[in-house]
Amino acid sequence: MDNKVKILFLAADPSDATRLRLGQELRDIREHLQRSKQRDGFVLESRESVRPGDITQAIFDIEPQIVHFSGHGMSTGELCFENILGKTQSVQPDALASLFELVAEQVNCVVLNACYSETQAKAIAKHIPFVVGMNQSIGDRAAITFAIGFYKALGAGHSFEKSYKFAQVEMQLESSPENLTPVLYVKDNTFPLVAPFKSITPSQIPADLFQTSTFLIDHEAENLEKVNVEDSLQSITVEDAIRRFDVSPIVKRFGTWAVTTYGVECLATYYPIEIERVDETDWLDHMRGKTWTNIIDFSEALSYARELNKMRKSFSISGKLLKVFLCHGSEDKPAVRKLYYQLLATGIEPWLDEENLLPGQDWKYEIAKAVRASDVVLVCLSRTSVNKTGFVQKEIKYALDVADEKPEGAIFLIPVRLEECTIPEQLSGKQWLDLFQDKGLNRLIKSLQACVRSI
């Protein structure tokens with residue numbers, strides 16, 4: 001029993017709140033763990049109708065490595081437990097954070113499957129290696145689907161981070177529009193091993209065991225420049241900082257700060273600011289009190305992120321994002337991947353095979369469907385791709401066929417040269433754009449904004 005991963009499922013559904021299917025969530029988690037290949041490695045214990053005072057007793061009794069809370073959350077950040085009458089009794093983020101600080105040597109993961117629980121997750125993540133919260137309200141079905149995906153992956157032997165990603169994919173497979181609602185926070189200086197309930201410090205990890213997220217550094221920062229880690233004399237490379245703090249793909253870097261597809265993130269510590277919050281007026285005053293950061297770097301990053309946020313608003317079409325398909329050859333993948341993240345950061349919904357195709361899908365069918373569903377197709381050209389026969393040429397032909405169905409004068413297909421190259425004959429009638437030239441990306445953004453106005 002001592003070698004098993006213990007999961008403590010806490011449920012609270014006050015009588016004065018909207019009823020939730022917490023029993024169904026518990027049943028589904030238990031069922032999928034029992035069916036998993038590592039079913040003998042887990043023990044699932046539950047406590048229902050939980051009052052605040054029940055939490056510590058349950059942790060003392062079970063001694064869990066994973067604590068899962070399912071129930072209600074308030075938009076102000078509190079979680080809802082029950083009082084002696086079964087009605088709502090809220091608990092502040094700092095209270096739970098203080099509790100988990102005391103059990104940090106035991107608990108490795110906390111899942112808060114409740115609306116608006118991101119504030120709680122951030123507070124708890126100061127002490128616990130992996131914490132999942134919800135950045136807005138989440139529906140009953142979506143919450144259960146996330147839980148199923150998360151524990152299915154854990155039962156298959158995946159890390160907490162990988163299980164979180166599998167859970168998001170599970171939501172996508174169920175056509176849930178809420179797959180971006182769950183957010184994962186990783187405590188500073190911890191990394192997952194293959195066993196989901198283990199964690200170690202970076203100095204203990206061989207270089208080839210890093211499980212890094214995809215990242216990009218703009219051309220002016222592609223070096224081994226060092227950054228100093230907060231509260232430490234340690235100096236690490238930018239690349240290691242990105243791995244350590246799980247930084248999102250970088251759009252532009254400003255010293256130890258970066259503007260990413262998430263928002264603004266610090267490379268010297270785990271300090272992310274989501275893009276939706278960059279327009280808040282007190283950020284500079286707030287950051288001046290942080291002795292570990294360079295306020296000039298931060299102000300430049302914040303200014304750039306605010307410009308991106310303005311662009312994001314210009315690409316909204318009746319609440320929907322502009323859909324852009326990236327047609328390209330495999331040899332141009334690095335350049336096109338960078339373009340993908342740049343467009344993503346400006347509020348566009350780009351489609352790239354390696355990001356959008358799921359395992360097992362018919363890729364020819366999915367690509368054709370994506371072209372037809374797109375508002376704009378960018379044909380990315382290089383010297384290699386224009387002289388190469390293969391599926392990219394078929395993509396171009398199919399995109400041209402779809403373009404013929406569009407109203408006359410509509411901007412649907414834009415040839416984008418990644419370098420000096422000849423424009424294919426079938427595209428010679430289209431005005432192309434040179435992305436490699438100065439302000440090439442700005443011209444592309446303006447073209448896409450014109451597309452929004454014409455739709």
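Scope of the values below: all heavy atoms of this structure, side chains included, with no hydrogens, waters or symmetry mates.
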Listed pairs under 3.5 Å, donor-acceptor, residues 53-64 side chains, sequence neighbours left out:
{"from": "Asp54", "atom 1": "OD2", "to": "Arg51", "atom 2": "N", "distance (Å)": "2.8"}
{"from": "Gln57", "atom 1": "NE2", "to": "Asp61", "atom 2": "OD1", "distance (Å)": "3.0"}

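Atom CG of Asp297 is separated from atom CZ of Phe254 by 9.0 Å, given to the nearest 0.5 angstrom. Between the CG atom of Leu154 and the CZ atom of Phe160 there is a distance of 6.0 Å, given to the nearest 0.5 Å. Expressed to the nearest 0.5 Å, how far CD1 of Ile144 lies from CD of Glu174 amounts to 11.0 Å.
In this structure, Asn179 contributes its side chain and Met171 its backbone to no donor-acceptor pair below 3.5 Å. At least one donor-acceptor pair closer than 3.5 Å links the side chain of Asn135 to the backbone N or O of Leu180. A donor-acceptor contact shorter than 3.5 Å links the side chain of Arg39 to the backbone of Ser36. Checking side-chain atoms of Ser117 against main-chain N and O of Met134 turns up a donor-acceptor pair under 3.5 Å. In terms of modelled atom types and a separation under 3.5 Å, the side chain of Asp353 and the main chain of Leu357 share no donor-acceptor contact. Judged by distance alone, the side chain of Gln65 and the main-chain N or O of Cys109 form no donor-acceptor pair under 3.5 Å. Ser299 places a side-chain N or O within donor-acceptor distance of the main-chain N or O of Ile296, the cut-off being under 3.5 Å. Side-chain atoms of Tyr164 come within 3.5 Å of backbone atoms of Pro182 as a donor-acceptor pair (strictly under, hydrogens ignored). Counting only distance, with no hydrogens or angles, the side chain of Asn356 and the backbone of Leu352 share a donor-acceptor pair below 3.5 Å. Panel note: side chain Ser163, backbone Ser159; a donor-acceptor pair is recorded below 3.5 Å.
More than 12 heavy atoms of other residues, nucleotides or ligands lie within 6.0 Å of NZ in Lys122, so this atom counts as buried by the packing criterion. Heavy atoms from other residues, nucleotides or ligands lying under 6.0 Å from CD1 of Ile84 number 12 at most. Shown here is Glu280, whose CD atom has more than 12 heavy atoms of other residues, nucleotides or ligands within 6.0 Å.
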- Item | Stepwise side chain to side chain donor-acceptor pair (under 3.5 Å) check, Glu25 with Ser70 | CA-CA 8 Å; Glu25 182 178 346; Ser70 187; 2.5 Å; yes
- Task: Please assess Glu78 against Thr76 for the test side chain to side chain donor-acceptor pair (under 3.5 Å), listing each intermediate value before the final yes or no.
- Result: CA-CA 6 Å; Glu78 297 96 334; Thr76 49; 2.3 Å; yes
- Message: Determine whether Glu170 and Thr145 satisfy the following criterion, side chain to side chain donor-acceptor pair (under 3.5 Å), listing intermediate values before the conclusion.
- Response: CA-CA 7 Å; Glu170 189 90 13; Thr145 301; over 6 Å; no
- Query: Would Leu308 and Val278 satisfy side chain to side chain contact (heavy atoms under 4.5 Å, CB included), going step by step from the backbone distance to the final call?
  - Reply: CA-CA 10 Å; Leu308 281 183; Val278 297; over 6 Å; no
- Task: Would you please test Trp283 and Arg277 for side chain to side chain contact (heavy atoms under 4.5 Å, CB included) and show each step?
- Result: CA-CA 9 Å; Trp283 277 119; Arg277 297 192 60 195; 3.9 Å; yes
- Task: Would you please test Arg21 and Asp28 for salt bridge (Lys or Arg N to Asp or Glu O under 4.0 Å) and show each step?
- Result: CA-CA 11 Å; Arg21 299 170 63 208; Asp28 286 340; over 6 Å; no
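Here the shortest heavy-atom pairing between Thr88 and Pro14 reads OG1-CB, 3.4 Å. In plain terms, the two heavy atoms of Ala123 and Ala97 that are nearest each other are O-CB, 3.7 Å. Contact between Ser385 and Ser382 at its shortest, heavy atoms only, is OG-N, 2.9 Å. Annotation for Tyr185 and Ala121: closest pair CD1-CB, 4.1 Å, computed over non-hydrogen atoms. Contact between Glu178 and Ile138 at its shortest, heavy atoms only, is OE2-CA, 3.2 Å. Here the shortest heavy-atom pairing between Gln120 and Leu79 reads NE2-N, 3.4 Å.
Just one residue in the list Glu265, Lys252, Arg253 forms a side-chain hydrogen bond (donor to acceptor under 3.5 Å, both in side chains) with Thr260, and that residue is Glu265.
With respect to Glu31 and Arg27, no salt bridge is recorded, no charged nitrogen being found less than 4.0 Å from a carboxylate O.
For His68 and Phe150, the distance between ring centers is not under 6.0 angstrom.
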